[in-house]
Structures are given as C-alpha cells and as structure tokens.
Amino acid sequence: MSYIDKIITDIEKKDAGQGEFIQAAKEVLGSLKIIVDQDSVYEKAGLLERLVEPERVVVFRVPWIDDAGKVQVNRAFRVQYNSAIGPYKGGLRFHPSVNLSIIKFLGFEQTFKNALTGLPMGGGKGGSDFDPKGKSDNEVMRFCQSFMTELYRHIGPDTDVPAGDIGVGGREVGFMYGQYKRIVNRFEGVLTGKGIGWGGSLARTEATGYGLVYIVEEYLNKKGDSFKGKKVAVSGSGNVAVFAAQKAMSLGAVVVSMSDSNGYVFHKNGINLDTMKEVKFINRERLTKYAEIHKDAVYTDVSGGRVWDIPCDIALPCATQNELFIEDAKKLASSGCKIVGEGANMPTTMDATEFLLEKGIAFFPGKAANAGGVATSGLEMSQNSARLSWSFEEVDAKLKNIMCGIFHNIDDAAKEYGKPENFVAGANIAGFKKVAKAMLDQGVI
Ligand code: NDP
Ligand code: 2IT
C-alpha cells in the first residue's frame with residue numbers, strides 16, 4: 001500500500017463519521033501522490049500523519065441567556081491546525097450544522113489556502129452550532145461575549161487570529177473584540193474583519209468576492225477574454241456572494257442569480273445589488289423579499305429547482321460546502337458553462353469536481369479562489385502591527401496582485417507536475433510544498 005493510501009485508510013478508520021474532513025483530506029492527498037510517492041523524505045518524517053492531525057483542538061461550552069431569561073448552551077470549537085508558516089489564522093462559523101468534522105475540514109483547507117497567499121499565516125478554524133438567525137442583537141451580543149470569555153485564552157495576535165465566516169460578520173466580530181479587549185486589557189490585532197474605525201482594514205469586507213473575480217479574470221485575460229457580457233450564476237447571498245457579484249458586474253458581466261438556504265432568485269437582466277444588500281445585510285430578510293420587490297425576478301423554492309439549472313457562462317458557488325453535485329455539474333456543462341470558481345469552501349462534491357475537470361471546464365478550487373478574504377485579513381494584521389491604515393485602493397491593489405500571483409503559482413505547479421490547467425492539483429501541490437518545507441525545516445514537532 002502506498003504511503004498516501006495508508007494515510008487515507010488511517011483517517012477513514014480513526015476519524016470515521018467525519019465525512020467533510022475525510023472528503024477534504026482525500027481531495028488534497030489525491031493530488032500529492034505525484035510528489036510524496038517519489039521522495040521517501042516525507043514518509044520518513046511522518047509528514048502526512050502530522051499534516052492530517054490538528055496541532056490542537058479546543059471544544060467548549062457557551063452558556064448564555066436568551067431574551068426570555070432562559071439559559072441556552074451551545075457547543076463551540078477552535079481547531080488550531082497547523083502553525084508551520086505563521087500564527088493559526090482562519091474564520092469562525094456560527095451555524096446550526098457546525099460540528100468537529102466541518103471545523104476540521106475548514107481548518108485543513110485553510111492551512112493550504114493561507115500558504116498560497118504568500119503571507120505568513122498558519123491554518124485554523126472555529127465556530128459554534130449557535131444560529132444567529134432570528135436572534136435579537138442583544139442575544140447575539142450575549143452569545144459572543146460568552147464565546148469569547150473562553151476563547152480569549154487560546155488566541156492572541158501572535159498565536160491565533162480568528163475572523164468571520166458563515167454567520168459571523170461585522171456585528172459579531174465587534175461584540176467578540178469588545179469582550180476580548182475587556183478581558184485582556186489590550187487593544188491588539190487579535191481578530192480581523194474589525195470595524196474600519198477600530199483597526200479594521202478597508203476592502204476586507206469586499207475581499208473574498210473581489211478576489212474570486214480577480215483570479216477568474218486573470219485566467220480569462222490569459223485566454224484573451226474578459227467578463228464583459230458573460231452570464232454569471234452565483235449561489236449564496238451573503239458576504240462572499242454579494243461582493244463577487246458586485247465585482248463581476250463592474251467588469252461588465254450580467255449576474256442572473258443568487259440563492260439562500262430556502263431557494264434562489266433568477267433575475268434575467270441582472271440582480272439589483274442595492275436591493276440585495278438592503279434585504280440581506282440591513283434587514284436580514286429572506287430572498288423571497290427580493291422577489292417581492294422586483295416583480296420581474298423569479299423565486300424558486302429549494303423543492304422546485306436548483307440555482308445551477310440556470311444556463312450560464314460562469315458559475316460561482318458562494319454559499320456553503322457540498323452545494324454543487326454531479327447532477328448540477330452535468331447541467332452546467334450541457335448548458336455551456338466554461339468556468340466554475342469556488343467562492344465557498346468545498347462547495348463542489350468530489351465526483352462533480354472530477355466531472356468538471358474531465359469536461360475541460362476551468363475549475364478554481366476554494367483554497368485558491370476564495371483566498372482573497374484571508375489574504376486581506378493578513379493585510380489587516382500588517383496594518384495593525386504597523387499601527388497604520390492603507391487606503392481602499394492600496395489594499396485592493398495588493399489583493400489583486402496576490403490573486404494574480406496565486407493564479408500563476410497554481411498554473412505553474414499544474415504544468416510542472418504534468419497536469420496543465422488542472423488547478424485543483426496545482427493548488428494542492430503548491431500549498432503543500434510550502435507547508436511541507438516549513439515542517440521539514442522545523443523538525444519533528
Ligand atoms: P454569510 O453568512 O455571509 O452567507 C452565507 C450564505 O450561504 C447565505 O446566503 C446562506 O443562506 C447560504 N448558506 C449557508 N449555509 C447554507 C446551507 N447549509 N445551505 C444552503 N445555503 C447556505 O457567509 P459568507 O458569505 O462569509 O460565506 C460563504 C462561504 O464562503 C462559506 O463557505 C465560507 O466558508 C466561505 N468563505 C468566506 C470567507 C469570508 O471572508 N467571509 C472567506 C473565504 C471563504 P441562509 O441565509 O439561508 O443561511
Ligand atoms: O474561509 C476563509 O478563508 C475565511 N472565512 C476567512 C478567514 C480569515 O481569517 O480571514
């Protein structure tokens with residue numbers, strides 16, 4: 001049995017039940033055969049055993065009191081996956097589905113993603129099964145304060161720097177930062193995605209979505225093409241989805257769809273982003289509201305169809321893991337879609353990814369395509385350390401430069417290892433090489 005196959009067999013046994021983690025690990029390990037089976041140094045150093053095992057996992061309870069005076073208890077996690085190239089870095093997710101498997105898959109992916117940014121950040125992820133939907137601001141604040149009352153002892157600006165993810169945006173980061181500062185009595189860059197007036201970076205809010213479009217744009221430019229006139233289908237209607245749509249539209253694309261967990265809207269002449277931002281970010285409403293406002297937009301409930309039924313040139317899944325299945329991939333391919341760029345983390349299932357690659361559809365995996373968010377978090381950390389703040393244009397230019405750099409890095413790695421245009425292999429190999437070298441340099445730790 002090859003070294004890689006042994007590792008896969010081991011995690012399938014040891015981490016049985018952690019479906020998302022096993023899926024993410026298999027996808028990465030599958031790309032590494034070409035490197036690891038050729039050089040015994042990795043096996044001798046037990047490198048893969050160490051890579052798949054988080055350095056530390058913290059699980060804790062979060063008690064808080066709801067508006068009715070009842071005590072509620074949630075479960076929370078921080079997985080500090082890998083610190084070979086920098087302090088642990090990665091978001092916090094608040095969603096009822098959160099469990100150890102999901103946080104481990106996200107932390108594992110984050111390790112390679114952060115390596116691809118070229119910035120000194122290790123991999124980590126955290127979150128809770130708390131659902132902010134339907135909670136009052138005061139309930140969210142009490143939850144965030146209780147969450148940070150435990151988390152603060154495990155993090156720090158040079159140890160572990162969390163940020164947002166699903167269900168965690170500016171409001172939640174604010175409440176958590178306030179509580180951290182109150183406990184440690186220091187104003188320091190322990191979280192990213194902070195408010196602009198108190199240590200946050202301009203363009204961090206936009207960064208993930210903008211970065212996704214920048215990497216696809218770099219690919220299109222290489223082919224002598226552009227976003228102009230392209231029909232783009234976007235899933236999700238949160239932070240990543242909205243700003244991906246905004247940047248694509250500014251480059252001349254027509255964004256025809258967005259979704260949430262209940263259904264999707266199809267707006268033939270293009271989504272109205274002012275309405276979308278008001279509905280989703282200001283009023284925290286459902287997508288049905290968007291279709292009530294725009295009578296020419298068609299809303300379809302999840303039971304009635306899928307956002308990927310819409311013919312498009314470019315598909316940008318920006319909601320959550322495992323939201324684009326093999327049947328969706330087949331539909332996209334047959335309706336003429338040429339590019340899939342993952343704004344979300346692992347939105348495409350493994351068989352769907354393989355199918356898209358076989359069909360010659362340019363496929364940009366999340367660990368490369370959505371790296372603009374964490375890259376800009378890295379820029380926020382630099383600004384905090386230097387105690388200064390850069391203009392929007394300055395940060396945006398650095399973001400674009402990083403995304404173009406990622407494109408060429410994964411494109412080159414794919415070619416070097418005999419898999420031209422396979423950006424899944426390219427991203428996994430390029431990310432692995434950087435992390436593996438740092439781990440080998442630092443001995444068996
Ligand atoms: P938000 O909370 O802002 O938005 C999430 C969106 O996805 C909402 O439209 C939500 O719909 C939908 N969604 C969430 N869970 C599900 C589900 N189980 N089924 C269907 N739809 C779902 O999160 P973000 O935009 O920040 O994150 C979206 C994705 O991008 C995630 O995969 C995240 O890990 C990834 N990502 C985020 C980064 C960031 O900087 N924020 C950086 C890199 C990646 P509903 O309102 O109905 O729940
Ligand atoms: O998945 C991700 O890269 C994020 N949620 C952003 C992490 C960060 O630290 O900015």
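Numbers here simply count residues along the sequence, with the first being 1. Atoms within a ligand are numbered from 1 in the order they appear, just like the ligands themselves.
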>> Show me which atoms of ligand 1 lie under 4.0 Å from any heavy atom of Ser261.
In response: 11 (O), 19 (N), 20 (C), 21 (N), 45 (P), 47 (O), 48 (O)
>> I'd like to check which ligand 2 atoms, numbered from 1 as shown, lie under 4.0 Å from a non-hydrogen atom of Ser377.
In response: 8 (C), 9 (O), 10 (O)
> Can you tell which of Cys318, Ser259, Ala244, Ala319 gets a heavy atom nearest to atom 12 (C) of ligand 1?
Replying inline: Ala319
>> If we count only N and O atoms by modelled type, under 3.5 Å, do the side chains of Gln145 and Arg142 hold a donor and an acceptor together?
In response: no
> Judged by non-hydrogen atoms, does Arg93 sit under 4.0 Å from ligand 1?
Replying inline: yes
>> Looking only at distances, can you tell me whether any N or O atom of Ala241, backbone or side chain, sits closer than 3.5 Å to an N or O atom of ligand 1?
In response: no
>> Using a strict threshold of under 4.0 Å (side-chain N to carboxylate O), is an ion pair present between Arg93 and Asp165?
In response: yes
> Would you say Lys359 has more than 12 foreign heavy atoms packed within less than 6.0 Å of its NZ?
Replying inline: no
>> Tell me the nearest of Ile102, Leu212, Val168, Asn239 to atom 26 (O) of ligand 1, using heavy-atom distances.
In response: Asn239
>> For Ser97, state whether at least one heavy atom is located under 4.0 Å from any atom of ligand 1.
In response: no
>> side-chain hydrogen bond (donor to acceptor under 3.5 Å, both in side chains), that's the test. Do Asn345 and Glu109 meet it? Break it down for me.
In response: CA-CA 8 Å; Asn345 286 306; Glu109 286 282 291; over 6 Å; no
>> When you measure from atom 10 (C) of ligand 1 to the protein, is at least one non-hydrogen atom found at a distance under 4.0 Å?
In response: no
> Among Thr208, Val307, Asn322, which residue places a heavy atom closest to atom 39 (C) of ligand 1?
Replying inline: Thr208
> Quick one: which ligand 1 atoms are inside 4.0 Å of a heavy atom on Gly236?
Replying inline: 9 (O)
> Any chance the side chains of Glu20 and Ser101 put a donor and an acceptor closer than 3.5 Å?
Replying inline: yes
> Taking all atoms of both residues into account, what is the closest heavy-atom pair of Gly378 and Leu119, and its distance?
Replying inline: CA-CD1, 4.0 Å
> Heavy atom under 4.0 Å from ligand 2: found in Asn345's side chain, backbone, both, or neither?
Replying inline: side chain
> What atoms of ligand 1 come within less than 4.0 Å of a heavy atom belonging to Gly343?
Replying inline: 30 (O), 35 (C), 36 (N), 44 (C)
>> Looking at ligand 1, would Arg204 count as a contact under a 4.0 Å heavy-atom criterion?
In response: yes
> Out of Gly238, Gly167, Pro317, who gets a non-hydrogen atom closest to atom 2 (O) of ligand 1?
Replying inline: Gly167
> Between Glu217 and Lys230, is there a salt bridge with N-O shorter than 4.0 Å?
Replying inline: no
> Can you find an N/O atom of Lys113 closer than 3.5 Å to an N/O atom of ligand 1?
Replying inline: no
>> Please list the nearest protein heavy atom to atom 34 (O) of ligand 1 with its residue and the distance rounded to 0.1 Å.
In response: Asp165 OD1, 2.6 Å
>> With the threshold set at under 4.0 angstrom, would you say Arg204 reaches ligand 2 through any of its heavy atoms?
In response: yes
>> Does this structure show an ion pair linking Lys26 with Glu12, if we count only N-O contacts that are shorter than 4.0 Å?
In response: yes
> Any non-hydrogen atom of His95 lying under 4.0 Å from ligand 1?
Replying inline: yes
> What part of Glu109, side chain, backbone, both or neither, has a heavy atom within less than 4.0 angstrom of ligand 2?
Replying inline: neither
> Between Lys280 and Tyr290, does any side-chain donor sit less than 3.5 Å from a side-chain acceptor?
Replying inline: no
> If you look at every heavy atom in Ala315 and Trp308, which pair is closest and at what distance?
Replying inline: CB-CZ3, 3.8 Å
> Does Arg286 reach ligand 1, in the sense of a heavy atom lying below 4.0 Å from it?
Replying inline: yes
>> Under a 3.5 Å cutoff, is there a donor and acceptor pairing between the side chains of Asn82 and Thr111?
In response: no
>> Does Lys181 qualify as a cation-pi partner of Phe187, given the criterion of NZ or CZ under 6.0 Å from the six-membered ring centre and within 45 degrees of its axis?
In response: no
>> Taking 4.0 angstrom as the limit and counting only heavy atoms of Lys125, give me the atoms of ligand 2 inside it, by number and element.
In response: 1 (O), 2 (C), 4 (C), 5 (N)
> Is Ser235 near ligand 1, meaning one of its heavy atoms is under 4.0 Å from it?
Replying inline: no
>> Within ligand 1, which atoms have a heavy atom of Ala344 less than 4.0 Å away?
In response: 29 (C), 30 (O), 32 (O), 35 (C)
> Which residue owns the protein heavy atom closest to atom 7 (C) of ligand 2, what's the atom, and how far is it?
Replying inline: Gly91 N, 3.5 Å
> Does the N or O separation between Gly164 and ligand 2 drop below 3.5 Å for any pair?
Replying inline: yes
> If you measure every N/O of Gln110 against every N/O of ligand 2, is any gap under 3.5 Å?
Replying inline: yes
> Please state which protein non-hydrogen atom is closest to atom 25 (O) of ligand 1 and give its distance, to 0.1 Å?
Replying inline: Val240 N, 2.9 Å
> Are Arg171 and Asp137 ion-paired here, with the side-chain N under 4.0 Å from a carboxylate O?
Replying inline: yes
>> As an exercise, identify every atom of ligand 2 less than 4.0 angstrom from a heavy atom of Lys113.
In response: 1 (O), 2 (C), 3 (O)
> Looking only at N/O atoms, are Asn345 and ligand 1 under 3.5 Å apart anywhere?
Replying inline: yes
>> I'd like to know if Lys330 and Asp351 make a salt bridge, using a cut-off of under 4.0 Å between side-chain N and carboxylate O.
In response: no
>> Counting non-hydrogen protein atoms only, what is the nearest one to atom 9 (O) of ligand 2? Give residue, atom name and distance.
In response: Lys89 NZ, 2.7 Å
> Near Ala163, which atoms of ligand 2 are under 4.0 Å from a heavy atom of that residue?
Replying inline: 8 (C), 9 (O), 10 (O)
> Just which atoms of ligand 1 are under 4.0 Å from any heavy atom in Lys133?
Replying inline: 45 (P), 46 (O), 47 (O), 48 (O)
>> Using the ring centroid of each side chain, check whether Phe423 and Phe407 are separated by less than 6.0 Å.
In response: yes
>> Hydrogens and angles aside, do Tyr299 and Asn262 bring a side-chain donor and acceptor to less than 3.5 Å of each other?
In response: no
> Do Lys135's NZ or CZ and the ring of Phe94 fall within the cation-pi criteria of under 6.0 Å and 45°?
Replying inline: no
>> Checking Glu27 against Thr353: is there a side-chain donor and acceptor pair closer than 3.5 Å?
In response: no
> Given Val374, Leu106, Thr320, which has its nearest heavy atom closest to atom 16 (C) of ligand 1?
Replying inline: Thr320
